[in-house]
Amino acid sequence: MTDTSTQRTGDFKNALLRAGLYAMLILFALYYLMPLFVMLVTSLKSLDEIRTGSLLGLPRDVDFSAWGKAWSGACTGVQCEGLRPYFWNSVLIAVPAVLISTFLGAMNGYVISQWHFKGSNMIFALLLFGCFIPFQVILLPMAIMLGKMKIAGTISGLIFVHVIYGLGFTTLFFRNYYITIPVELVKAAKVDGAGFFRIFWSIFVPLSAPIVVVTVIWQFTQIWNDFLFGVSFSQAGTQPITVALNNIVNSTTGVKEYNVDMAAAIIAALPTLLVYVVAGKYFIRGLTAGSVKG
Amino acid sequence: MMLKKTILAATVALTAGAVWAEPQAEVLHWWTSGGEAKSVAVLMEEFAGRGGTWTDMPVAGGGGDAAMTALRARVLSGNAPTAVQLKGPAIQEWYEEGVLANINAVGVEQNWDELLPTAIADHMKCDGEYCAAPVNVHRVNWMWGNAQVLADAGLEMPTTWAEFNAAAEKLQGMGITPLAHGGQAWQDATMFESIAVGLGGAEFFQAAFVDLDEATLTSDTMVAVFDQLRTLRGFVDDDFSGRDWNLATAMVMNGEAAFQIMGDWAKGEFMAAGLEPGKDFLCAPTPGGGYLYNVDSFAMFSVEGDDKIAGQNLLAELIMGENFQEVFNLNKGSIPARLDVALDSFDYCARRSGYDMDVASGNGSLMPSYAHGMALRGAQAGAITDTVTAFFNSDMSSADAVAALATAVKNSM
Amino acid sequence: MEWLQRHMPKMVLAPSFFAVLLFVYGFIAWTAYVSFTRSRLLPKYEIEGVIQYERLFESPRWEVAITNLAIFGILFIGIAMILGLLLAILLDQKIRTEGALRTIYLYPMALSFIVTGTAWKWILNPGLGIEAVVKDMGWESFEFDWLTDPDMAIYTVVIAGVWQSSGFVMALFLAGLRSVDEEIIRAAMVDGVSTARIYRSIIIPSMAPIFMSALIVLSHLAIKSFDLVIALTGGGPGYATDLPATYMYAMAFSRGDLGQAASSATVMMMVVVAIIVPYLYSELRTRRD
């Protein structure tokens with residue numbers, strides 16, 4: 001932690017600065033919280049109140065019925081079973097995809113940072129560039145490929161797609177983290193007779209907890225919230241929760257139930273929110289490069 | 001000997017399978033809201049009642065954009081859905097890619113040629129044979145009015161655009177927004193084409209938006225259409241941009257605005273709020289008349305498996321069945337595509353729509369809506385809408401707009 | 001066995017390398033190929049020349065899209081970086097409620113834009129949102145109708161985009177700030193260097209790798225920005241907030257005009273290459289450690 005705030009330049013000036021600091025932070029916090037507030041408050045109002053009331057006003061009578069409907073009663077098509085049936089699909093897709101892409105990223109990062117060979121940096125650059133490709137570009141050729149591989153419309157197909165397009169980021173995160181670990185460590189281990197995998201398991205893995213948290217958070221967010229791949233590469237029965245959410249919220253010529261929409265959006269976001277809240281502090285610790293001393 | 005027996009057994013099994021195939025259908029559609037879902041559920045129940053298994057594949061949004069994305073991916077991966085909610089020239093476009101199935105046998109057996117208006121039947125055919133089944137007929141160019149507001153102002157539903165402009169000015173003077181509008185591209189386009197058919201008539205509309213005749217697109221009538229659109233721009237409130245259509249309807253419902261130009265699905269909003277047609281809200285064709293239709297339909301895709309083919313044939317039969325046509329449309333706000341379904345249980349506006357459709361079909365003025373994808377292919381329709389919406393949201397002159405229109409259309413070919 | 005050990009690193013990297021080769025570069029090549037055809041609904045493979053590019057550059061909508069990408073890209077990345085850095089520096093000052101504040105700044109990224117877009121649409125709508133609320137509070141002449149103004153609408157996309165992503169950038173920077181060697185800072189303080197100077201000359205420069213990560217993350221989000229625009233403005237008013245990603249999507253999936261979509265995608269990729277590749281080259285070349 002940096003220690004620069006404790007300069008004694010006068011108690012009054014200090015207090016003023018602190019007050020100003022907190023004021024700024026709170027002002028920003030309002031900016032970030034406002035949409036969530038609007039969503040929460042809307043989800044607890046009745047439709048009449050939404051139509052006639054003010055956007056930021058608190059609900060007159062708190063009404064939880066929208067939540068129940070969003071979870072198990074909203075229409076996502078012919079079925080009106082809410083988000084619940086799709087929740088599990090998203091879990092089945094996200095968890096393996098996150099684990100696999102994180103593992104691969106770790107291995108790749110390890111190689112690129114510690115086992116430099118001719119062209120390894122080039123490969124890293126090539127992997128990295130893959131982060132910039134807009135997904136619409138690869139949608140159709142991927143559809144053709146998945147069809148050929150016979151995994152179109154399946155959960156495995158979706159896992160496959162998410163792993164491939166997560167490689168760029170996971171490799172980036174791990175490489176940037178591992179590169180701060182001194183090369184001497186690996187050299188010493190090699191002298192001791194340890195091989196490629198041995199060094200990975202016994203030296204790097206124990207150190208990786210923080211960066212694993214970072215990668216998992218990023219990947220989980222991206223994959224859980226993905227809509228484009230989810231809608232294109234799934235079929236009835238394998239659709240993730242984002243597709244269901246879209247169906248609830250974006251019906252074109254039907255009556256819009258804004259309270260259900262908001263409740264559904266919050267429910268769909270709960271896993272990612274949970275991950276952020278719980279893993280938040282590890283997140284920061286994880287990004288601390290150079291925290292390895294000696 | 002063993003081989004022969006095996007072959008015999010296999011053949012018997014296969015044939016038996018074909019004869020007793022349980023109909024299966026995976027249906028891709030975007031009817032996901034409460035009322036729409038109820039309507040589709042009717043079809044699903046009938047399908048199940050005849051022994052079929054319906055697998056729902058709903059993808060909402062954008063009038064089918066997301067669904068079309070999913071469809072493309074599915075087709076390219078060799079895994080097309082059995083039936084897809086498609087309409088207008090898109091059906092023929094997919095047919096040209098060679099991925100549609102043929103349900104002409106059903107169409108012939110059930111006598112669809114007699115039961116449908118010719119214009120609509122033509123949309124359902126690929127190279128003269130049926131490949132899709134129509135579900136309903138939406139009328140696009142409706143004008144909705146708040147009865148109380150109009151009564152207070154001493155106005156009636158205008159029948160010409162000149163009348164409308166006069167009425168609107170009077171309303172503005174009274175502090176009421178004359179026209180409730182949602183500033184989204186498709187709504188701008190809806191308004192535009194309603195003006196076009198009202199000012200120019202059916203023949204003008206056909207030449208401009210179906211035949212894409214350049215002379216018509218750059219004609220003085222077209223300039224007049226844009227002029228009227230510019231006038232309408234002055235009659236909408238300042239917050240129209242990005243507004244959803246149903247919020248504009250709400251403005252009419254609560255008296256903030258007097259009129260809205262929107263298809264007959266707006267009726268659903270009024271009635272969901274407990275208002276009565278003819279009493280609380282008024283419906284009339286947009287000034288100048290004309291009938292612009294939007295027909296929802298299901299196209300059958302080329303799939304393998306007797307069960308799926310059986311499913312397609314059964315679906316086609318049920319979709320055109322009298323019961324489904326009546327019940328679905330009662331729920332949805334549109335009218336049956338089938339001409340022989342009695343409209344007794346439908347409300348006043350629907351009955352008017354049915355009557356007008358009959359008349360229009362008879363005298364050749366039944367026109368496909370371009371704004372809702374019935375008249376043109378996606379690329380051309382999109383190009384026109386781009387120009388219209390740019391015009392509406394800027395101070396482009398009508399002359400410039402007309403030139404831009406012709407260029408955009410040419411560019412999109 | 002010895003051979004295996006020696007080549008193990010390459011073998012480990014190989015699957016990812018080949019996967020990316022095919023699924024990223026192979027697909028880019030496919031898209032480029034299709035951009036030379038007259039593909040409509042589905043891809044066709046007969047080359048027809050550069051007609052798609054001609055059509056592209058004649059399209060007024062594409063012009064708007066590319067201009068918007070520049071405006072949005074620069075503003076979004078710039079503001080998110082600055083805001084992220086600022087928040088990180090502020091949070092670094094031993095704040096009592098750091099945990100809670102950090103979560104507040106970070107959570108927007110967890111929400112899918114399908115619905116936060118609606119919330120923002122309301123907040124920014126003159127009749128329903130901020131303008132209405134402020135007017136109700138008494139300031140009659142307050143105006144905030146950027147969302148409905150064709151010239152200003154793109155800036156609302158920046159506001160919502162920054163909201164969603166700056167928290168993540170803040171987290172990146174906060175970690176970077178905290179990883180700077182204590183010794184150097186202490187030494188500088190002993191020498192009487194001011195706080196601001198310490199930040200400017202010591203801490204910020206040592207965060208170069210973090211800057212790289214942040215820049216990559218933000219650029220990725222800027223290019224991918226599709227849900228954001230669609231949910232907030234639908235590309236409107238008119239097509240004033242169109243971006244290449246939404247243009248491409250519309251052409252490919254709403255208009256059945258794959259050839260156009262492919263050409264717009266290819267041009268977009270070339271813009272990305274022109275900017276990112278030199279940056280990556282300089283970063284990866286000089287930084288061996």
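All chains are named by letter (A, B, ...) in the order of the sequence lines, taking the proteins before the strands, and each is independently numbered beginning at 1.
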State whether the number of non-hydrogen atoms from other residues, nucleotides or ligands found under 6.0 Å of C/Tyr155 atom OH is greater than 12.
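12 or below, so no.
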C/Lys44, NZ atom: more than 12 neighbouring heavy atoms under 6.0 Å
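Yes, NZ of C/Lys44 has more than 12 neighbouring heavy atoms, counting only those of other groups under 6.0 Å.
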Once rounded to the nearest 0.5 Å, what's the spacing between atom [atom1] of [X] and atom [atom2] of [Y]?
X       : Y        : atom1 : atom2 : answer
C/Trp62 : B/Asp386 : CH2   : CG    : 13.5 Å
C/Leu41 : B/Glu97  : CG    : CD    : 5.0 Å
C/Arg61 : B/Asn411 : CZ    : CG    : 12.5 Å
B/Glu96 : C/Leu42  : CD    : CG    : 11.5 Å

Under a 4.5 Å cut-off applied to non-hydrogen side-chain atoms, are B/Asn393 and C/Tyr239 in contact?
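Counting from C-beta outward, B/Asn393 and C/Tyr239 never come under 4.5 Å.
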B/Arg377 and C/Asp257, any side-chain heavy atoms less than 4.5 Å apart:
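With C-beta onward as the side chain, the pair stays apart.
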Interface moiety of [X] toward chain C, non-hydrogen atoms closer than 4.5 Å:
X        : value
B/Asp188 : neither
B/Val75  : side chain
B/Ala379 : both

Most contact-rich option vs chain C, by heavy-atom pairs under 4.5 angstrom, among B/Arg72, B/Gln184, B/Met68, is B/Arg72
Side chain from CB out, backbone as N, CA, C, O: work out which of these in C/Ala252 comes under 4.5 Å of a heavy atom of chain B, or both, or neither.
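For C/Ala252, the backbone is the part near chain B, not the side chain.
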Most chain B-contacting option - heavy-atom pairs closer than 4.5 Å, from C/Pro60, C/Pro237, C/Gly256
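Top count of heavy-atom pairs under 4.5 Å with chain B: C/Pro237.
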